[in-house]
A.B. asks: 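Dropping the structure in here first, questions after.
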4 protein chains.
Amino acid sequence: MSSQSTKRKPRSPLAVEQVGRVPQQGRSKASYERMFAAARTLMLERGDEEFTLIEVSQRGNVSIGSIYLRFESKDNLVRAVICEALEEIVSAEEAMFERLADEARDLGEFVPRYVNDYAEVLRVNAPLLRLAMRRAAFDPLISAPGKQVADRSAAGANRAMLRFSAEIGGDAALKADSVYHIIFATLARELSLGSTAESARNYDWEPLKRELARMCLAYLRQQP
Amino acid sequence: MSSQSTKRKPRSPLAVEQVGRVPQQGRSKASYERMFAAARTLMLERGDEEFTLIEVSQRGNVSIGSIYLRFESKDNLVRAVICEALEEIVSAEEAMFERLADEARDLGEFVPRYVNDYAEVLRVNAPLLRLAMRRAAFDPLISAPGKQVADRSAAGANRAMLRFSAEIGGDAALKADSVYHIIFATLARELSLGSTAESARNYDWEPLKRELARMCLAYLRQQP
Amino acid sequence: MSSQSTKRKPRSPLAVEQVGRVPQQGRSKASYERMFAAARTLMLERGDEEFTLIEVSQRGNVSIGSIYLRFESKDNLVRAVICEALEEIVSAEEAMFERLADEARDLGEFVPRYVNDYAEVLRVNAPLLRLAMRRAAFDPLISAPGKQVADRSAAGANRAMLRFSAEIGGDAALKADSVYHIIFATLARELSLGSTAESARNYDWEPLKRELARMCLAYLRQQP
Amino acid sequence: MSSQSTKRKPRSPLAVEQVGRVPQQGRSKASYERMFAAARTLMLERGDEEFTLIEVSQRGNVSIGSIYLRFESKDNLVRAVICEALEEIVSAEEAMFERLADEARDLGEFVPRYVNDYAEVLRVNAPLLRLAMRRAAFDPLISAPGKQVADRSAAGANRAMLRFSAEIGGDAALKADSVYHIIFATLARELSLGSTAESARNYDWEPLKRELARMCLAYLRQQP
DNA sequence: TATGAATGAGTATTCATTCAT
DNA sequence: GATGAATGAATACTCATTCAT
């Protein structure tokens, strides 16, 4: 009703906000940003738990107490960093789907572009996404929003593909869903989302994406 | 086949041996087995580092000192357990390929069976494989043998598929390799071999395998 | 009796006032009351130090700074609450002695009534009295007024008993003083005023009071 | 049956032993003694929790880890010290009762001696007994053995008095029990067992004991 | 060989108090 | 007067590794 609800974009489509309150005022905000950034940097350098609050305090130039003023625990600080990354991914995907909707006129155009663009979204966010997935394995406060992100992703991809259902032979919904899973699994693996053994991939990234798209297209178009 | 296989049983096709010496004699061997088994059990219960050498000592009924006599460090003990699991996987895969060679007469028979059987091999070994992949992300002494296992796996799959290269349209080698990667990625993801966020998968396992096989077949058979 | 009692209501017969200034005006006073009440409640719930000024600030709806404006420290806030309780005890005892003076006509009437009524006064104030005694063990700012309360108590009891000195055999003053000490010690113990090990007393309260009175009477009346 | 059960005095009549294992061998034992003594000293200097494990480690010349080898936690270390004190009190009381049994021929001899001797037992052990009683207020692992000690004490005193029941007028058992409670309460209070406000007692100790004994005797002998 | 007691560095968290606004 | 965000010192506990016996 008020101006509030009309102007603002709905912050966080994820149920993620509860972890750490963002202060709104100037100095406060700045100190919040510093500790958040310090934590983020350290997490990227070392892994999601391999850092000390003392380090955050020193790098971020904030007192230990300040950290506890915003985040109830080290865990919550870690979660906040991860959740922010999840939100960024959601935004990036949304932008990607909008772009694809304009550009792709048929399945043959859509699939390769989707594979490429989605790969790019994941690649850009891979470092924190890796931490997110690792942590989701044991932390429900990460697996829940993580699941949301994954579901959105799947839903977006399915919706996009089903715009071309006329081109799809057989059970279009089933095929689209399978395609999404296989694409995500392949890209995730290539980006070592899930910390794989062969992290230093020597298999070529570009050919894989191309063949992956071909495979999906062949499958989608195939009549039963 | 090689001279290697005639003289002694081919212990560890992997370059893994440096990690912990297996004593050949009775009492020593028994105590080695006990500490190894205790560590393996604890790793499966809690994760690859979430146990204490004291716990190994108690459960395995061996002294702390004994453990250090066989394994230079806790890390090496963990590595030994993981490497043994990798070897088991290699064996299981070899058995699988032999079986498939007898049973599958054409690509249409081979691909679905391979997907199924490989899925089973991975599923059975998933718990330790998960630990292996997690650890490989930061421990070169695991990522190296892990890479070997992966390469063997890929090579085996490629070789098997190329027996039917006549049925494959276009660049058979490229396609086979792509297929292998995509199958592995999809199965690995489904088994959470990389600790994914959506660990409690609600997507159906059986349909995915079926569609995965269809996709691969459609792709392989497709003429350029 | 004295000039003191005519001009103003005898606020605090104890040398306790230094601890926290009570503001006289409306809003200020109200906020003082709220923080005081919040502290008192928390102390009764958790013990005299087991609460946080942040909790006082939240429950009492006052800012941390306000608390420091009235009380120089957390310790002083605690002291203020305890001292108020001591004053209440003094009032209750004075009322009790006035009542007893009217009702008790001889030693045989006085002693049992005194034991009963004093027990009641202590019982009602036991929760904060317990905190007072605990703290007096190490805080001179509590032990001093605590001593005053105890001395008043002893003096009142002695004075009352000595009204019946004709009935007392031998050194009436010594006997009265001894009786007071023994009565207080026994009641205090029974009320766990001093945090005793056997806090859940199973010994019966009523018989003890009766026998305690008998013991005191037998002693007081006994000729040397 | 074995020599074990005949030679050894039954260690710890209290169910207290579970808190911290006493090592039996030389060097181990010595280090145990050092950390125990250091903790005891610190507790007497500062109170039962007002010390740091680092201090124990330094004063006792043992590593922090060693402390945790014997005591699972700081709390358990504190408990062990307190429990040992409780056991000493039990021994001292037993010795006292044996002595009194030989010396006291009638109630008139027994009561004053008992008051004196019991006062001495409590006085000697007062410092740790104070800590014991304080802690018993919130720690069941102390209140339980504390209750045992108190019950033994009461039972011993009752038994001793009832040897002279012929001299006691009326309900001897009730009177004896009342006398015990009142004596203990009075002595405990005088020794500030329970951290009293007037810790620096100026009332005379000796007269109180004398009058306390008189009071009890007058009461016990009084015919109903 | 085998033992297992001893070591001690390393870290998340709390909360009374201050002081810029 | 009033506020409440910021401070930072202080402390129990873990566990891989060593080495005297």
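Lettering of chains follows the sequences in order, A, B, ..., and the numbering in each one begins at 1.
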A.B. asks: Identify the pairs formed between an N or O of the protein and an N or O of nucleotides 18-21 of chain E at a distance under 3.5 Å, and give each distance.
C.D. replies:
none

A.B. asks: Sequence neighbours excluded, which residues qualify as side-chain contact (heavy atoms from CB on, under 4.5 Å) partners of D/Glu50?
C.D. replies: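 D/Arg46.
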A.B. asks: For D/Arg59, give me all partners under salt bridge (Lys or Arg N to Asp or Glu O under 4.0 Å), at least two apart in sequence or on another chain.
C.D. replies: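 Counting only residues at least two positions away or on another chain, D/Arg59 forms a salt bridge (Lys or Arg N to Asp or Glu O under 4.0 Å) with D/Glu45.
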A.B. asks: If the condition is side-chain contact (heavy atoms from CB on, under 4.5 Å), which residues does D/Phe36 pass it with, not counting sequence neighbours?
C.D. replies: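 Checked D/Phe36 against side-chain contact (heavy atoms from CB on, under 4.5 Å); matches are D/Tyr32, D/Arg40, D/Phe71, D/Ala80, D/Val81, D/Glu84.
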A.B. asks: Could you pull out all residues at least two apart from D/Thr52 that satisfy side chain to side chain donor-acceptor pair (under 3.5 Å)?
C.D. replies: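 Residues passing side chain to side chain donor-acceptor pair (under 3.5 Å) with D/Thr52: none at all.
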A.B. asks: Find the runs of at least 3 consecutive base pairs, i with j, i+1 with j-1 and so on, that include DNA chain F, using Watson-Crick or G-U wobble geometry with both distances under 3.5 Å.
C.D. replies: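 The stems are E:2-21 with F:2-21.
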A.B. asks: Could you list the residues that satisfy side chain to side chain donor-acceptor pair (under 3.5 Å) with C/Ser31, not counting sequence neighbours?
C.D. replies: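 Per chain and number, C/Ser31 pairs via side chain to side chain donor-acceptor pair (under 3.5 Å) with no residue.
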A.B. asks: Could you work out, with side-chain contact (heavy atoms from CB on, under 4.5 Å) as the rule, every residue matching D/Ile64, not counting sequence neighbours?
C.D. replies: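 D/Ile64 satisfies side-chain contact (heavy atoms from CB on, under 4.5 Å) with D/Leu53, D/Ile54, D/Ser57, D/Tyr68 only.
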A.B. asks: Can you list, in residue-number order, the parts of residues 49-61 of chain B that come under 4.0 Å of DNA chain E, counting heavy atoms only?
C.D. replies: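 Heavy-atom cutoff 4.0 Å gives no residues at all.
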A.B. asks: Closest-nucleotide mapping onto DNA chain E: is B/Ser63 or D/Ser63 further toward the 5' terminus? I mean the 5' end.
C.D. replies: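 Checking each residue's closest nucleotide, the 5'-ward one belongs to B/Ser63.
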A.B. asks: Considering residues at least two apart in sequence or located in another chain, which fulfil the side chain to side chain donor-acceptor pair (under 3.5 Å) criterion with A/Ser73?
C.D. replies: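 For A/Ser73 there are no side chain to side chain donor-acceptor pair (under 3.5 Å) partners, ignoring immediate neighbours.
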A.B. asks: Run the side chain to side chain donor-acceptor pair (under 3.5 Å) test against A/Gln58 and tell me which residues pass, sequence neighbours left out.
C.D. replies: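 If we apply the side chain to side chain donor-acceptor pair (under 3.5 Å) test to A/Gln58, skipping adjacent residues, there are no hits.
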